[in-house]
Amino acid sequence: GEDVEQSLFLSVREGDSSVINCTYTDSSSTYLYWYKQEPGAGLQLLTYIFSNMDMKQDQRLTVLLNKKDKHLSLRIADTQTGDSAIYFCADSGGYQKVTFGTGTKLQVIP
Amino acid sequence: DAGVTQSPTHLIKTRGQQVTLRCSPKSGHDTVSWYQQALGQGPQFIFQYYEEEERQRGNFPDRFSGHQFPNYSSELNVNALLLGDSALYLCASSLLAPTGGPTDTQYFGPGTRLTVL
């Protein structure tokens with residue numbers, strides 16, 4: 001079955017860039033997503049990328065996709081304390097069935 | 001424009017009981033998906049409803065069932081509750097593309113926290 005893996009924890013200083021990495025196994029993935037979850041809250045869609053794209057930039061967020069290696073990354077520029085949360089990588093094949101990773105907890109140190 | 005809403009917010013049940021969770025999709029959305037998120041884990045896909053029918057299902061037993069109403073709202077039912085069913089249950093809504101292919105955005109509700117004692 002499909003599998004999505006992420007490192008569990010990342011700690012950065014405020015103002016630095018954060019890079020969260022993800023690998024996936026489903027070669028039929030059509031869309032790849034990054035979601036943010038703050039404590040006690042649901043999931044907020046941050047950005048997504050189509051599988052035929054290499055890069056997508058959206059304000060402070062940059063998504064890089066290496067389809068050959070099935071590797072996805074999310075870079076957050078000028079990381080702020082409000083960016084502290086759990087970030088989930090997810091992929092989607094047909095019919096919007098989304099497979100999530102276990103999440104990376106981002107800690108931003110003031 | 002209201003986003004995805006879920007009720008109740010929290011629920012406590014005992015083993016063997018049955019529970020019903022409710023979801024109202026974002027205005028204009030016609031597809032509802034349900035996910036289970038255990039503590040410290042990523043959400044796991046339970047099933048998806050479109051046009052009042054289950055379109056796709058994840059690896060969950062038949063104790064998990066659902067329903068979609070003509071107004072696109074949805075219910076998740078879990079029978080014979082087990083301690084392991086304790087989790088955050090998330091509902092997500094989206095708009096099925098006219099071609100039937102995947103769309104690019106699922107919007108999630110805040111979830112229902114179910115505790116089974």
- Checking heavy atoms, do the side chain of B:Gln37, its backbone, both or neither come under 4.5 Å from chain A?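 Answer is side chain: those atoms of B:Gln37 sit under 4.5 Å from chain A.
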- Message: Centroid separation under 6.0 Å, is that true for the rings of A:Tyr35 and B:Phe108?
- Response: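 Ring centroids of B:Phe108 and A:Tyr35 are less than 6.0 Å from each other.
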- Heavy-atom neighbours of B:Asn59 CG exceed 12 at 6.0 Å: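 Counting neighbours around CG of B:Asn59, 12 or fewer heavy atoms of other residues, nucleotides or ligands fall under 6.0 Å, so no.
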- Query: Does atom NZ of A:Lys105 have more than 12 heavy-atom neighbours, drawn from other residues, nucleotides or ligands, at distances under 6.0 Å?
  - Reply: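 For A:Lys105, atom NZ is not crowded (no more than 12 foreign heavy atoms under 6.0 Å).
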- What's the shortest heavy-atom distance between A:Leu43 and B:Pro43, and which atoms?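 Result for this residue pair: CD1-CG, 3.6 Å.
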- Item | Interatomic spacing from CZ in B:Phe45 to OG1 in A:Thr99 - rounded to 0.5 Å |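 It comes to 9.0 Å.
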- For B:Gln106 and A:Val98, run side chain to side chain contact (heavy atoms under 4.5 Å, CB included): C-alpha distance rounded to whole Å, both residues' side-chain angles, the deciding distance at 0.1 Å, then the answer. CA-CA 9 Å; B:Gln106 286 193 2; A:Val98 181; 3.8 Å; yes
- Message: Can you confirm whether B:Phe47 is buried at CZ, in the sense that more than 12 heavy atoms of other residues, nucleotides or ligands lie under 6.0 Å from that atom?
- Response: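 Result for CZ/B:Phe47: enclosed.
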- Message: Is A:Gln6 in contact with chain B via its backbone, its side chain, both, or neither, using a 4.5 Å heavy-atom distance?
- Response: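 For A:Gln6, no heavy atom lies under 4.5 Å from chain B.
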- Around B:Arg15, counting heavy atoms of other residues, nucleotides and ligands shown, do more than 12 lie under 6.0 Å from its CZ?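 Open.
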- Task: Step through the shown structure and confirm whether more than 12 heavy atoms of other residues, nucleotides or ligands are within 6.0 Å of CG on B:Leu39.
- Result: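 12 or below, so no.
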